[in-house]
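Notes to accompany the following structure.
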Amino acid sequence: MKQSIFILLIFLWGNLVNAQPEIIPKPSQLQTAPGEFTLGVKTTISAPVDNQWGKVAEMLSSRLTMATGNKIKTVVGKGNISFEVSKDAMLGEEGYHLMANKKGVVIRAQTAKGAFYGMQTLLQLLPAEVYSAKAVSGVKWTVPFVTVKDVPRYGYRGLMLDVGRHYMPVEFIKKFIDLLAMHKQNQFHWHLTDDQGWRIEIKKYPLLTQIGSIRHETMKGHYTDNKYDGTPYGGFYTQDEIRDVLKYAADRYVNVIPEIELPGHALAALASYPNLGNNPDRIYKVGTKWGVYDDVFMPREETLKFLEDVLTEVIDLFPSKYIHIGGDECPKTQWEESRFAQDLIKKENLKDAHGLQSYVIKRIDKFVTSKGRRIIGWDEILEGGLSPNATVMSWRGTEGGITAAKENHDVIMTPTTHVYLDYYQADPKTVKQPVSIGGHLEISKTYSFEPTPEVLSPEQSRHILGVQGNLWTEYVKTPAYAEYMLFPRGIAVAEIGWSTKENKNYEDFSKRLEVHKKRLDYLGVNYFGAPINDQFEYVWPVKKNVK
Ligand code: ACM
């Protein structure tokens with residue numbers, strides 16, 4: 001009997017020693033050793049004397065101080081938690097080494113960005129309470145002895161948030177950025193304009209926000225119900241607010257890619273400036289229905305000048321190398337019927353209206369490139385011929401991305417099949433969820449996505465920059481609802497983007513995710529399945545799906 005208890009204890013101890021910390025995204029290499037380092041009142045943090053590195057150390061100091069209730073200071077000289085510059089070129093711009101042993105924690109990286117990601121891993125090595133916004137007592141603040149070497153699989157790892165259909169307040173945008181950074185995602189694609197709302201202040205064209213940011217009502221229930229709430233809806237970001245968000249994002253190593261939709265999804269702009277549309281005499285109204293409108297920009301010279309002016313202000317505001325110019329879902333009906341458009345097709349020797357779309361994108365590409373930036377467009381920009389410097393965002397499956405990569409264009413994978421986070425995340429016929437656009441995309445399917453298609457050669461595969469999850473917000477009216485749709489699926493997207501193919505394992509991810517949810521609870525994230533998420537108008541049972 002005694003012997004069997006002894007064997008059991010040995011077994012349990014072995015399991016404890018070998019238990020892998022629940023880090024998401026999973027690091028490339030991680031070894032544990034018996035023992036742990038405990039943070040206490042005397043713990044200090046140090047970093048190389050440099051503004052960027054100093055900010056990372058300060059961020060860690062403020063989080064540890066807030067959660068532990070002990071002032072965990074930054075110091076000159078070597079602290080118990082020490083950020084150091086690494087000479088290991090293999091770490092690249094974003095990788096890091098982290099070692100925790102009895103002396104403390106050392107995080108080495110080539111850049112402050114790598115150090116920042118090392119810090120994210122350190123936080124996940126600590127108890128979940130470290131994410132608390134107020135001091136938690138009775139916690140033993142331990143870091144298990146580990147050696148981590150970690151580099152990302154892809155350079156582009158992001159999420160898109162549509163604020164055209166529903167405006168999201170700046171406070172939430174910052175929380176969203178925090179959550180991206182926590183999961184080592186480095187791109188926030190901010191979908192700022194659409195038929196149902198223009199959400200960015202443009203100084204030269206004030207009507208874009210005075211008129212274009214407000215629709216007179218919004219659809220109620222599902223699209224197929226065809227009901228409206230009769231209440232005006234609006235909101236936009238001033239340029240000062242945007243600058244504030246950009247500073248916040250830069251401090252967290254998140255690049256913000258603005259999207260200005262063209263030549264389609266333009267109704268809010270046309271409602272503001274009807275001269276940009278097919279019929280300058282028409283009274284265009286900001287869209288109230290979801291879906292795609294025939295009202296698109298008419299590519300007259302004055303329209304192209306308007307778009308260049310808007311993009312000039314956007315480029316002045318956003319430091320991003322990439323500027324997203326939309327390009328999706330542009331019906332050609334009005335161009336087919338327009339004398340002007342047909343004459344332009346002839347004059348420019350274009351094949352048809354698709355050629356005209358390509359003409360517009362090429363003009364815009366040339367302009368954006370002349371400003372030292374690069375365009376991204378949805379995969380419809382392939383139609384009628386791809387513009388020379390365009391990066392393609394492949395959303396209607398991966399085929400557009402494959403074609404673009406074969407033509408030596410860069411690609412970001414974001415297919416509806418796996419990473420459209422506006423779809424139901426469980427079967428809507430059996431699991432109660434708030435009304436959504438439709439579809440059915442479970443986290444296991446999201447996780448199974450492989451961004452680099454096997455049909456591509458190694459050379460072509462280099463054009464797959466990474467992966468992004470998209471949240472369209474037709475039905476997503478509030479930040480709480482946005483969090484519900486984004487998480488935890490967005491975390492699966494983060495792991496696809498960061499972790500090695502060999503380390504990808506859904507069962508293992510699910511186990512880590514269960515622990516990770518406690519961290520999200522401390523951060524007040526309203527993920528699907530969270531204890532706090534019972535605050536929606538549920539539609540039950542869901543009768544009709546359109547997508
Ligand atoms: C898209 O979902 N229309 C890019």
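One-based numbering along the sequence shown. Ligands are counted one by one from 1 in listed order, and the atoms in each one are counted from 1 as well.
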Exercise. Any side-chain donor-acceptor pair under 3.5 Å between Asn279 and Tyr284?
Worked result: no

For this session: Classify the angle between the aromatic ring planes of Tyr205 and Tyr273 as parallel (below 30°), tilted (30 to 60°) or perpendicular (above 60°).
Result: perpendicular

Problem set entry | Sub-3.5 Å N/O-N/O distance, Asp328 and ligand 1 | yes

Exercise. Is the closest N or O pair between Glu329 and ligand 1 shorter than 3.5 Å?
Worked result: yes

Seminar exercise, completed: Taking only non-hydrogen atoms of Tyr420 and a 4.0 Å limit, the atoms of ligand 1 in range are 1 (C), 2 (O), 4 (C)

Problem set entry | Within residues 349-368 or reaching into it, pairs that qualify as salt bridge (charged side-chain N to carboxylate O under 4.0 Å, His left out) - sequence neighbours excluded | Glu301-Arg363

For this session: Taking the side chain as every heavy atom from C-beta outward, state whether Leu520 and Ile491 have any pair of such atoms under 4.5 Å apart.
Result: yes

Exercise. Taking heavy atoms and a distance under 4.0 Å, where does Met393 meet ligand 1: side chain, backbone, both or neither?
Worked result: neither

For this session: Answer yes or no: does an N/O atom from His265 fall short of 3.5 Å to an N/O atom of ligand 1?
Result: no

Seminar exercise, completed: Note: ligand 1 atoms sitting under 4.0 Å from heavy atoms of Trp472 are 1 (C), 2 (O), 4 (C)

Exercise. Taking only residues two or more places apart in sequence, or in another chain, which ones meet Asp244 in a salt bridge (Lys or Arg N to Asp or Glu O under 4.0 Å)?
Worked result: Lys174

